[in-house]
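Scope of the values below: all heavy atoms of this structure, side chains included, with no hydrogens, waters or symmetry mates. Just so you know, residue 1 is the first one in the sequence shown, and it goes up from there. Since we're looking at a predicted model, the values are computed, not measured.
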Amino acid sequence: MSLIKLTIKGISYSQTQSGAYALVLSEMEGTRTLPIIIGAFEAQSIAIALEKEIRPPRPLTHDLFKTFSDRFSITVKQVIIHKLVDGVFYSSLICEREGVEEVIDTRTSDAIALAVRFEAPIFTYENILDKAGIYLKMDEELTIEEDLESDEDEIEFSIEEEEEGEGSYSHLSLKELHEQLNDAVANENYELAAKIRDEISKRS
């Protein structure tokens, strides 16, 4: 059975399960998307790995796995979402060390978090997309992207949100914003860091 390559479309807060998130994958050559419910920690880990500007001062669990693998010359070549049973997705890490390939069973959320860090491709099978994939029209796709953008801070950092007035950073210079961004990351206040980053992006 041929493999279908997927890409990460985004992460959205789950409307059906409290405290959970929906990781949305889409096929590279097609219109189907594959939503997968994941936990808050895994959602945060994936979002931080996707965000190039923010780096935690201490490694997360998936960062530690990446460092460990690099140290011992282990490469994650690809991730395969190979089975769906009772709404639960099963995945495998295809790893290689010194020319020897190993297949490791893993939770899909962990597999995706590692795939992002190793820049490894993500695949699934046609029967899984047939069973759980969702066809989207262009206008529906735009709506999902807008929803993901509007929920970005909550998605990425899963920290209780504190209300701040719009434009609260407008009086700060870019230099001051970068200083506050560095302080927020150093203090592991990723939600605040995301807001400051967005303000910097607006001015770029």
Side-chain angles (χ1 to χ4, degrees), residues 1-12 14 20-136 141 144-145 148 152 155-158 190:
M1 192 179 299
S2 62
L3 291 170
I4 298 173
K5 190 173 184 180
L6 303 172
T7 184
I8 299 173
K9 189 173 184 63
I11 307 172
S12 177
S14 173
Y21 293 79
L23 170 66
V24 183
L25 305 175
S26 62
E27 58 179 334
M28 293 287 288
E29 299 179 1
T31 59
R32 288 173 295 183
T33 62
L34 189 66
I36 299 173
I37 300 302
I38 62 175
F41 171 78
E42 291 78 12
Q44 176 180 353
S45 181
I46 293 169
I48 288 177
L50 290 170
E51 176 55 65
K52 303 303 182 184
E53 295 181 20
I54 297 177
R55 284 288 176 265
R58 294 177 296 174
L60 301 178
T61 302
H62 298 108
D63 296 322
L64 178 60
F65 185 97
K66 174 66 164 61
T67 302
F68 178 90
S69 300
D70 289 344
R71 188 66 57 88
F72 291 95
S73 303
I74 301 169
T75 302
V76 173
K77 295 179 62 179
Q78 60 185 20
V79 165
I80 300 177
I81 303 171
H82 62 83
K83 187 167 65 173
L84 174 61
V85 179
D86 296 329
V88 178
F89 292 90
Y90 292 78
S91 296
S92 297
L93 290 175
I94 312 301
C95 303
E96 185 180 71
R97 181 174 183 269
E98 297 179 351
V100 178
E101 192 173 283
E102 297 285 349
V103 179
I104 300 175
D105 182 49
T106 177
R107 296 189 307 166
T108 299
S109 55
D110 289 328
I112 303 300
L114 292 173
V116 175
R117 287 164 170 81
F118 281 90
E119 298 182 354
I122 304 164
F123 296 95
T124 192
Y125 292 108
E126 180 70 33
N127 65 322
I128 292 178
L129 274 176
D130 283 342
K131 189 184 298 184
I134 299 172
Y135 285 91
L136 292 180
E141 185 174 335
I144 283 185
E145 289 175 347
L148 294 179
E152 184 180 21
I155 291 163
E156 291 185 359
F157 307 107
S158 57
Y190 301 124

Taking atom CD1 of Ile81 and atom OG1 of Thr108, what is their separation to the nearest 0.5 Å? 5.0 Å
Would you give the length of the straight line joining atom CG of Leu114 to atom CD1 of Ile46, rounded to the nearest 0.5 angstrom? 9.5 Å
Is there a side-chain contact between Val79 and Ile94 in this structure, where contact means two heavy atoms from C-beta onward sitting under 4.5 Å apart? no
Ignoring hydrogens, what is the shortest heavy-atom contact between Ala132 and Leu34? Give both atom names and the distance. CB-CD1, 3.7 Å
Between Phe89 and Ile128, is any pair of side-chain heavy atoms under 4.5 Å apart? yes
With sequence neighbours left out, the residues meeting side chain to side chain donor-acceptor pair (under 3.5 Å) with Gln78 are none
Tell me which pairs pass side chain to side chain donor-acceptor pair (under 3.5 Å) where either residue lies in residues 109-124, with sequence neighbours left out. Ser45-Arg117, His62-Asp110, Asp63-Arg117, Arg107-Asp110
Just verifying a value: how many Å separate Ile4 CD1 and Met28 CE, rounded to the nearest 0.5 Å? 12.5 Å
Spacing of OG1 belonging to Thr106 relative to CZ belonging to Phe65, to within rounding of 0.5 Å: 8.0 Å
Looking at residues at least two apart in the chain, or sitting in another chain, which of them share a salt bridge (charged side-chain N to carboxylate O under 4.0 Å, His left out) with Glu126? Arg32
Taken in chain and number order and not counting sequence neighbours, the residues that satisfy side chain to side chain donor-acceptor pair (under 3.5 Å) with Asn127 are none
Residues pairing under salt bridge (charged side-chain N to carboxylate O under 4.0 Å, His left out) where one sits in residues 73-85, two or more places apart or in two chains, turn out to be Lys77-Glu96, Lys77-Glu101
Which pair of heavy atoms, one from Phe118 and one from Thr75, lies closest together, and at what distance? CE2-CA, 4.3 Å
Taking all non-hydrogen atoms of both residues, which atom of Ala43 and which atom of Ile11 are closest, and how far apart? O-CD1, 3.7 Å
Do the non-hydrogen side-chain atoms of Thr7 and Ile122 ever get within less than 4.5 Å of each other? no
Given the rule in the side chain to side chain contact (heavy atoms under 4.5 Å, CB included) test, do Leu50 and Ile8 qualify, once you have shown the distances and angles that lead to the verdict? CA-CA 10 Å; Leu50 290 170; Ile8 299 173; 4.2 Å; yes
State, to 0.1 Å, how close Phe123 and Leu6 come at their nearest heavy-atom pair, and which atoms those are. C-CD1, 4.4 Å
Can you see which heavy atom on Asp70 is nearest to which on Lys66, and at what distance? OD2-NZ, 2.7 Å
After noting the C-alpha distance and the side-chain angles of Tyr90 and Leu84, does the key distance pass the side chain to side chain contact (heavy atoms under 4.5 Å, CB included) rule? CA-CA 6 Å; Tyr90 292 78; Leu84 174 61; over 6 Å; no
Tell me the closest heavy-atom pair linking Ser91 and Asp105, and the distance in Å. O-OD1, 3.3 Å
How far does CG of Leu60 sit from CZ of Phe41, to the nearest 0.5 angstrom? 5.5 Å
Which residues pass the side chain to side chain donor-acceptor pair (under 3.5 Å) test with Ser92, not counting sequence neighbours? His82
